[in-house]
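What follows is one structure encoded as structure tokens, with my remarks underneath.
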Amino acid sequence: MDPEILSIKNRFEIVGNSPVLLRAIETAKKVAPTDMTVLIVGESGVGKEAFSKIIHSLSKRKHGKFIAINCGAIPSGTIDSELFGHEKGSFTSAHEARKGYFETVDGGTIFLDEIGELPLETQSRLLRVLESGEFIKVGSSKTQKTDVRVIAATNKELYRHTQEGKFRDDLYYRLSTVTIKIPALRERKEDIGLLFTKFANDFSYKYRVPSLELTREAEEQLNKFSWPGNIRQLKNFVEQLSVLEQERKLTGAAIENNLPEEPSQQIALRPQGQSAGFDGFSEREILYKFLFEIKKDLSEMKATMHELAKNVNETGREINDNISPLKHRLLKAAHSNENEPLLHQEEYAVPSSFREEEVLVDSSEDDEPEEVLSLQVVEKDMIRKALQKFKGKRKPAADELGISERTLYRKIKEYDLE
């Protein structure tokens, strides 16, 4: 192994010897001395911020400031002010002028995590900074200059977002001058045992307990798991075992009994060709779409039944007597319990707040207004439960819900859940 790579691994506590990981470190080392913009891609929890620090520390800007910004955690209404600053009186709460990050970090490095969450207007401002080093504060007409290196990161497929109009293609190509892909943990299974041992030693020191050890069967169980949360999930898992397990030498059964349920259903539902860690259809979104399709079919059935009833009344009592039983059976089937297994299978993780009357339309013979599925009620309930589960901590709650912190912040305001 290259002595420089080994030195970088030791300095930044990067554990692993898989070729894909070493290739990523090598790329970071080569690009660091330049001022090129770098885009780091990888699933949540793979350690993208650590690579941004490697690049900054090995660059000529290493004595300048370094700041990491989670773009998804800043509300869209204030992110321009956070990044570029504002003048006094530029908006309601702007009681005094404020410098933005691009002004305060002049000569240093800015790491923009979750770059895909930036609003389109902010993307335009960022593009101007990257191309000319110029920006304008919110509420100002004066152009200012800055010398900042930008390192961006995302767990999204930005190219697909450009095709959908959610991300500027010119900004995408400007950011991806050099792209570093950080492998998911399941792509470097040979490193899982090393990482487990490293975390076990850390928590042994932290909690003053003997360090955990893995048997061969235990390591095999670890390697079988997909680790959708990557290194972050593995670290939390080792911490849990360090505190709760009585036996310090772990068997395969001990690992299997403590591993979370494999998210196989979510992987199976993902559209073909879409990578597991990047944003696609979440299980919740697929469920909503599925329920709306059922509601649409039942609405069409109701319209057909009313049309049948109307035609029957016009053609005579005898035909009406023959058709009515069929109509009655169809309507009864639409409301029967035969639908419940379809809407309440465990593998679809339907929230308990769903009720059949929220999904099915009113199929009575009177022309009553069609009931509307209140997704807002379901969403509010899910957000409230997630916040309760994590005791108000927004980051883990957002991860649980599959949304960004910025989106969660907005929803909390919208539903008055503070």
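Computed from a predicted model, the values in this text were never measured in an experiment.
Judged by distance alone, the side chain of Arg186 and the main-chain N or O of Pro228 form no donor-acceptor pair under 3.5 Å. In this structure, Asp106 contributes its side chain and Asp147 its backbone to a donor-acceptor pair below 3.5 Å. Not a single donor-acceptor pair under 3.5 Å links the side chain of Arg11 to the backbone N or O of Ile54. A donor-acceptor contact shorter than 3.5 Å links the side chain of Lys9 to the backbone of Gly16. Under a 3.5 Å cut-off, the side chain of Lys189 and the backbone N or O of Asn223 do form a donor-acceptor pair. The main-chain N or O of Gly133 is never found under 3.5 Å from a side-chain atom of Thr146 such that the two would form a donor-acceptor pair. With hydrogens and angles ignored, the 3.5 Å screen pairs no side-chain donor or acceptor of Arg168 with any backbone N or O of Gln123. Looking only at distances, a side-chain donor or acceptor of Trp227 sits under 3.5 Å from a matching main-chain atom of Leu222. Proximity of a side-chain donor or acceptor of Arg248 to a complementary backbone N or O of Ser242 within less than 3.5 Å is detected. A distance-only check finds a donor-acceptor pair linking the side chain of Asn70 to the backbone of Gly72 [under 3.5 Å].
With respect to Leu83, the side-chain contact (heavy atoms from CB on, under 4.5 Å) criterion is satisfied by exactly one of Leu112, Leu126, Thr78, Ile110: Leu112. The side-chain contact (heavy atoms from CB on, under 4.5 Å) test with Phe84 is passed by exactly one of Ile136, Val138, Val129: Val129. Applying the side-chain contact (heavy atoms from CB on, under 4.5 Å) test between Ile151 and each of Val178, Thr37, Thr109, Leu175 identifies Thr109 as the sole match.
For the 3.5 Å distance criterion, the side chains of Asn155 and Ser44 fail to qualify, holding no donor opposite an acceptor. When only modelled atom types and interatomic distance are considered, Ser404 and Thr407 share a side-chain donor-acceptor pair under 3.5 Å.
Contact detail for Gly42 and Lys48: the closest heavy-atom pair is O-NZ, 3.2 Å. Smallest separation of non-hydrogen atoms from Val46 and Ile231: O-CD1, 3.6 Å. The minimum heavy-atom distance linking Arg128 with Glu134 is given by the pair NH2-OE1, 3.2 Å. Contact record, Arg188 with Pro183: CD-CG, 3.9 Å, taken as the closest heavy-atom pair. Minimum heavy-atom separation, Ala32 to Ser59: O-CB, 3.1 Å. Between Val15 and Leu21, the closest heavy-atom pair is O-CD2, 3.8 Å.
The pair Glu414-Lys411 meets the salt-bridge criterion, since a charged nitrogen lies less than 4.0 angstrom from a carboxylate oxygen. A salt bridge links Lys60 with Asp35: the closest approach of a Lys/Arg side-chain nitrogen to an acidic carboxylate oxygen falls below 4.0 angstrom. One finds no salt bridge joining Asp191 and Lys198 here, because no Lys/Arg side-chain nitrogen approaches an Asp/Glu carboxylate oxygen to under 4.0 Å. Salt bridge annotation for Glu164-Arg160: present, with a cationic side-chain nitrogen under 4.0 angstrom from a carboxylate oxygen. Salt bridge Glu117/Lys156: present, at least one basic N to carboxylate O contact under 4.0 Å. Ion pairing between Asp2 and Lys29 holds under the 4.0 Å rule for side-chain N and carboxylate O. In summary, Glu103 and Lys137 engage in a salt bridge, as defined by a charged side-chain N under 4.0 Å from a carboxylate O. A salt bridge between Arg98 and Glu82 is present, with a side-chain N of the basic residue lying under 4.0 Å from a carboxylate O of the acidic one.
Few gaps surround NZ on Lys145; more than 12 heavy atoms of other groups in view lie less than 6.0 Å from it. Counted within 6.0 Å of NZ on Lys65, heavy atoms from surrounding residues, nucleotides or ligands total 12 or fewer; the atom is thus considered open. Around atom CZ of Phe91, more than 12 heavy atoms belonging to other residues, nucleotides or ligands sit under 6.0 Å away. Around atom NZ of Lys62, no more than 12 heavy atoms belonging to other residues, nucleotides or ligands sit under 6.0 Å away.
The closest side-chain heavy-atom distance from Ile255 to Leu214 is below 4.5 Å. Considering only heavy atoms from C-beta on, Glu190 comes within 4.5 Å of Pro19 through its side chain. At least one side-chain heavy atom of Ile25 sits less than 4.5 Å from a side-chain heavy atom of Phe51. Between Glu114 and Ile74, the closest side-chain pair of non-hydrogen atoms is not below 4.5 Å. Side chains of Tyr409 and Ile412 form no contact here, defined as non-hydrogen atoms less than 4.5 Å apart. Looking at heavy atoms from C-beta onward, Glu239 lies in side-chain contact with Tyr207 at the 4.5 angstrom threshold. Within the 4.5 Å cutoff, no side-chain heavy atoms of Gln233 are placed close to those of Leu185. Residues Tyr205 and Asn201 are not in side-chain contact: their nearest non-hydrogen atoms beyond the backbone lie 4.5 Å or more apart.
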task: Run the numbers on Phe167 and Thr154 for side chain to side chain contact (heavy atoms under 4.5 Å, CB included), then give the verdict.
output: CA-CA 12 Å; Phe167 200 84; Thr154 182; over 6 Å; no

task: Using the side chain to side chain contact (heavy atoms under 4.5 Å, CB included) rule, take Ile192 and Leu195 through it: C-alpha gap first, then chi angles, then the decisive distance, then the call.
output: CA-CA 5 Å; Ile192 293 178; Leu195 285 163; 5.6 Å; no

message: The test is side chain to side chain contact (heavy atoms under 4.5 Å, CB included); show your working for Phe196 and Leu250 and say whether it passes.
response: CA-CA 12 Å; Phe196 188 100; Leu250 300 174; 3.6 Å; yes

- request: Applying side chain to side chain contact (heavy atoms under 4.5 Å, CB included), run through Glu49 and Ser52 and close with a yes or a no.
  value: CA-CA 5 Å; Glu49 185 172 344; Ser52 70; 3.9 Å; yes

task: Just do the salt bridge (Lys or Arg N to Asp or Glu O under 4.0 Å) check on Lys142 and Glu87 with the steps written out, would you?
output: CA-CA 10 Å; Lys142 179 183 177 182; Glu87 296 291 353; over 6 Å; no

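Geometric assessment of Arg174 against the ring of Tyr172 yields a negative cation-pi assignment under the 6.0 Å and 45° thresholds.
The distance from the CD atom of Glu379 to the CD1 atom of Ile403 is 7.0 Å, given to the nearest 0.5 Å. To the nearest 0.5 angstrom, Phe66 atom CZ is 8.0 Å from Ser57 atom OG. The CZ atom of Arg125 sits 14.0 Å away from the CG atom of Leu171 when rounded to the nearest 0.5 Å. Considering CG of Asp381 and NZ of Lys385, their distance stands at 4.0 Å, rounded to 0.5 Å. To the nearest 0.5 angstrom, Ile5 atom CD1 is 12.0 Å from Arg23 atom CZ. The CD atom of Glu187 sits 11.0 Å away from atom CD1 of Ile182, with the distance rounded to the nearest 0.5 Å.
Listed by first and then second residue, the ring pair (Phe, Tyr, Trp, His ring centres under 6.0 Å) pairs involving residues 107-127 amount to none (not counting sequence neighbours).
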